[in-house]
Amino acid sequence: MITLKNVTLRRSAKVLLEGASVTLNPGEKVGLVGRNGAGKSSLFALFNGGLHEDVGEYYIPTQWRMGQVAQDMPETSQNATDFVVEGDTTLLAAQQEVTASEATDDYDRMAHAYMALQDAGAHDAPARAQALILGLGFKTTELTNPVNSFSGGWRMRLQLARALMCPSDLLLLDEPTNHLDLDALVWLEAWLKRYEGTMIVISHDREFLDAVTNVTLHIDAAKLVRYGGNYSKFEDMRAEQMALQQTAFSKQQDKIAHLQKFIARFKAKASKAKQAQSRVKALDRMEKIAPLLSEADFTFEFKEPANLPNPMLSMQGVSFGYPAPDDVTPRAGATMGQYDLTLFDDQ
């Protein structure tokens, strides 16, 4: 399992996680959610070893194999099938060991190398790769096309196929649906439902998250909050929690106001001084409930212009129309008339 205990994670001076704890069990399909900039990609970097925790304890089984979609745009003349086959790191390592063993006279090593190559599925690797490629929307005539002959979106599909080709115990997917059409999306959902390892996915597609996840991990106020269920279930539970928090906060504020009113009224009165002091201590011991704050930190404003031209807009003899399908000139009868217009800054 993956465990984080009181983990603090920073990017430069920005604290993304502080005292965060969570446990993810083997085989769970996790949707990682949170507002933009909350630290989802940085948490992925912690999982894949690109970042290390600043404080706390982080554990992931050392024997786990990891699959992840590379974010770089591949530039290679290698054909699509061979490119995806190389995503199978176990097979690639076995092939390299075969090559190395053949350069020696160690026949025992060669025998073990060929056995490992067979166990890695070398005999059907091209067929498995092509099944992934076709599932993601490519045509059969494109299976041997050079990778760099495809557009950027199709190359990213090949990167996704390459990640799925990799035998893994943990699969990290960051916005995997960005370049997919509906057919490829439906195929990917079916494939991920059959995936037996642990999966963590970042996506803004709530329907996709609903289809493929059974746990939701929310980055909220630099903490990790785990919810059992897909994204829709998470929304329902979070809305309920927010309503309860707001109700509890309002009740506590009423109680605090009542105590403060009693203290202010009777603290100077000898007969009530002891009771007032008791309420002061009760107020100090009270664990304050935080108000419900919106996550959105985006604001904007329209600034007052320094000066305005006068007139603001002027048009003379303007014709309005629309072009014919195969022409850029106005279609006959489409002209709406000719107008003169002037707008001043006080209009």
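- A salt bridge is defined here as a Lys NZ or Arg NE, NH1 or NH2 lying under 4.0 Å from an Asp or Glu carboxylate O, and D220 with R35 fails to meet this definition.
- Other residues, nucleotides and ligands contribute at most 12 non-hydrogen atoms within 6.0 Å of the NZ atom of K5.
- Counting heavy-atom neighbours within 6.0 Å of Q71 CD, excluding the residue itself, gives a total above 12.
- Counting heavy atoms of neighbouring residues, nucleotides and ligands inside a 6.0 Å radius, atom CD of E207 does not exceed 12 of them.
- In this structure, K233 contributes its side chain and G228 its backbone to no donor-acceptor pair below 3.5 Å.
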| request: Give the intermediate values and the outcome of side-chain contact (heavy atoms from CB on, under 4.5 Å) for residues S21 and L224. | output: CA-CA 6 Å; S21 299; L224 291 173; over 6 Å; no
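- Annotation: E196, atom CD; neighbour count of heavy atoms from other residues, nucleotides and ligands within 6.0 Å does not exceed 12.
- For K40 (side chain) and A38 (main-chain N/O), no donor-acceptor pair under 3.5 Å exists by modelled atom type.
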Discussion item. Evaluate T198 against L171 for side-chain contact (heavy atoms from CB on, under 4.5 Å), listing each step before the verdict.
Written reply: CA-CA 6 Å; T198 303; L171 181 60; over 6 Å; no
List the atom pairs, donor and acceptor, that lie under 3.5 Å between side-chain atoms in residues 131-153 and the rest of the protein, sequence neighbours left out.
{"residue": "E142", "atom": "OE1", "partner": "K139", "partner atom": "N", "Å": "2.9"}
{"residue": "N148", "atom": "ND2", "partner": "T76", "partner atom": "O", "Å": "3.3"}
{"residue": "S149", "atom": "OG", "partner": "P146", "partner atom": "O", "Å": "2.6"}

Please set out all donor-acceptor pairs under 3.5 angstrom arising from side-chain atoms of residues 53-60, sequence neighbours excluded.
{"residue": "D54", "atom": "OD2", "partner": "R10", "partner atom": "N", "Å": "2.7"}

Please determine whether side-chain contact (heavy atoms from CB on, under 4.5 Å) holds for the pair V201 and T213, giving the CA-CA distance in whole Å, both sets of side-chain angles, and the decisive distance to 0.1 Å. CA-CA 8 Å; V201 57; T213 64; 3.7 Å; yes
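- Interatomic distance, D106 CG to S101 OG, rounded to the nearest 0.5 Å: 8.0 Å.
- Scanning for salt bridge (charged side-chain N to carboxylate O under 4.0 Å, His left out) contacts around D124 gives R128, with sequence neighbours left out.
- No donor-acceptor pair under 3.5 Å is formed between the side chain of N214 and the backbone N or O of G229.
- Pairs passing the side-chain hydrogen bond (donor to acceptor under 3.5 Å, both in side chains) check and including a residue from residues 175-189, sequence neighbours excluded, read E175-H204.
- In the hydrophobic cluster analysis, where Ile, Leu, Val, Met, Phe, Trp and Tyr join through side-chain heavy atoms closer than 4.5 angstrom, L217 is grouped apart from V212.
- Under a cut-off of 6.0 angstrom, the local environment of CD in E304 is sparse, with at most 12 non-hydrogen atoms contributed by other residues, nucleotides or ligands.
- In this structure E102 satisfies the side chain to side chain donor-acceptor pair (under 3.5 Å) test together with Y114, sequence neighbours excluded.
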Could you walk me through whether V85 and L92 pass the side-chain contact (heavy atoms from CB on, under 4.5 Å) check? CA-CA 8 Å; V85 166; L92 189 61; over 6 Å; no
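- Here CD of E18 is found 5.0 Å from OG1 of T8. Values are rounded to the nearest 0.5 Å.
- L158 and M156 are members of different hydrophobic clusters when ILVMFWY side chains are connected at heavy-atom separations under 4.5 Å.
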### Candidate pair E97 and T99, rule side chain to side chain donor-acceptor pair (under 3.5 Å), full reasoning
CA-CA 5 Å; E97 174 60 15; T99 301; over 6 Å; no
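- Proximity of L43 to L17: side-chain heavy atoms (C-beta onward) are separated by under 4.5 Å at one or more points.
- Put simply, the side chain of E28 does not reach to within 4.5 Å of the side chain of M1, judged on heavy atoms.
- Using a 4.5 Å cut-off on side-chain heavy atoms (C-beta onward), L188 and L180 make contact.
- For the pair P176 and F208, the minimum side-chain heavy-atom distance is below 4.5 Å.
- Between atom OG1 of residue T216 and atom NE2 of residue H218 there is a gap of 10.0 Å, rounded to the nearest 0.5 Å.
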Donor-acceptor pairs are to be reported for all side-chain atoms of residues 159-170 against protein atoms at under 3.5 Å, with residues two or more places apart or in another chain.
{"residue": "Q159", "atom": "NE2", "partner": "D72", "partner atom": "O", "Å": "2.9"}
{"residue": "R162", "atom": "NH1", "partner": "F83", "partner atom": "O", "Å": "2.5"}
{"residue": "S168", "atom": "OG", "partner": "Y195", "partner atom": "OH", "Å": "2.7"}
{"residue": "D169", "atom": "OD2", "partner": "R65", "partner atom": "N", "Å": "2.8"}
{"residue": "D169", "atom": "OD2", "partner": "R65", "partner atom": "NE", "Å": "3.4"}

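- K14 NZ to S42 OG: the interatomic distance, rounded to the nearest 0.5 Å, is 8.5 Å.
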